[in-house]
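Note sheet for the following structure.
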Amino acid sequence: SQQGEEDPQALSIQEGENATMNCSYKTSINNLQWYRQNSGRGLVHLILIRSNEREKHSGRLRVTLDTSKKSSSLLITASRAADTASYFCAPMDTGRRALTFGSGTRLQVQP
Amino acid sequence: DAGVTQSPTHLIKTRGQQVTLRCSPKSGHDTVSWYQQALGQGPQFIFQYYEEEERQRGNFPDRFSGHQFPNYSSELNVNALLLGDSALYLCASSGLPRNNEQFFGPGTRLTVL
């Protein structure tokens, strides 16, 4: 099974700035999901993008997917202190049912 | 609409003991997955239950076992605890549509001394 590798490992920005984090994976996927985790708590599903989609929006979130480069990016616009969390991508292989996570990107938004 | 619930919130055990963690899925969900998350790491898949059967398993030893009940709730059992089993244990549920979007509970923090 494959897992996503998030980059950078850590990111610190000021409130109001945009935050971009990237995910790379190795094999063909059915979909790719992004999750957020506040310190020591459960994960929250943010967005799912299918392999035949190139871009998806949800509120202040924008996700892109480039299957030719096997990469995805998550953009958070106009960040807030409440966006401080770890962000994980989970590429889902065709036929698999479990999510496989990398180590995540730790985002710190300074007020 | 209740989300995924887990109990207990925290647990302290000693090496060699056994532990049982519990999970109730989100209303309408029939599939439960368990994950182990060590400090500073991403969650690692343990196994998934559907229709009371273990449907898929990650790279975890047989000391880790589980069960799913007719009401879709689930238990995770860990025998012969090791120090390295100290982690946050996350339960996630999913259902229709079958796109594998999972809803996570708050987790159980297990400390093995």
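A, B, ... follow the sequence lines: proteins, then strands. Residue 1 opens every chain. All values below were derived from every heavy atom in this structure, side-chain atoms included, with hydrogens, water molecules and symmetry-related copies excluded.
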I'd like to know whether A:Q37 forms a side chain to side chain donor-acceptor pair (under 3.5 Å) with B:Q37, so could you lay out the CA-CA distance, the side-chain angles of the two residues, the decisive distance to 0.1 Å, and finally the verdict.
CA-CA 12 Å; A:Q37 184 179 36; B:Q37 186 176 25; 2.7 Å; yes
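- The local environment of CD in A:Q9 is sparse, with at most 12 non-hydrogen atoms from other residues, nucleotides or ligands closer than 6.0 Å.
- Panel note: side chain B:Y35, backbone A:L99; a donor-acceptor pair is recorded below 3.5 Å.
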Extract all donor-acceptor atom pairs below 3.5 Å that involve side chains of residues 40-49 of chain B and protein atoms in other chains or at least two apart in sequence.
from	atom 1	to	atom 2	distance (Å)
B:Q44	NE2	B:G42	O	3.3
B:Q48	OE1	B:R55	NE	3.2
B:Q48	OE1	B:R55	NH2	3.0
B:Q48	NE2	A:R97	O	3.3
B:Q48	NE2	B:S33	OG	2.9
B:Y49	OH	B:G66	N	3.3
B:Y49	OH	B:G66	O	2.9

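- By the rule that hydrophobic residues join a cluster once side-chain heavy atoms approach within less than 4.5 Å of another member, A:F88 and B:L88 end up as members of one cluster.
- Proximity of B:E101 to A:I47: side-chain heavy atoms (C-beta onward) are nowhere separated by under 4.5 Å.
- The distance from atom CZ of A:R41 to atom CZ of B:F104, rounded to the nearest 0.5 Å, is 14.5 Å.
- Follow the hydrophobic side-chain contacts under 4.5 Å out from B:L90 and you never reach B:F60; the two are in separate clusters.
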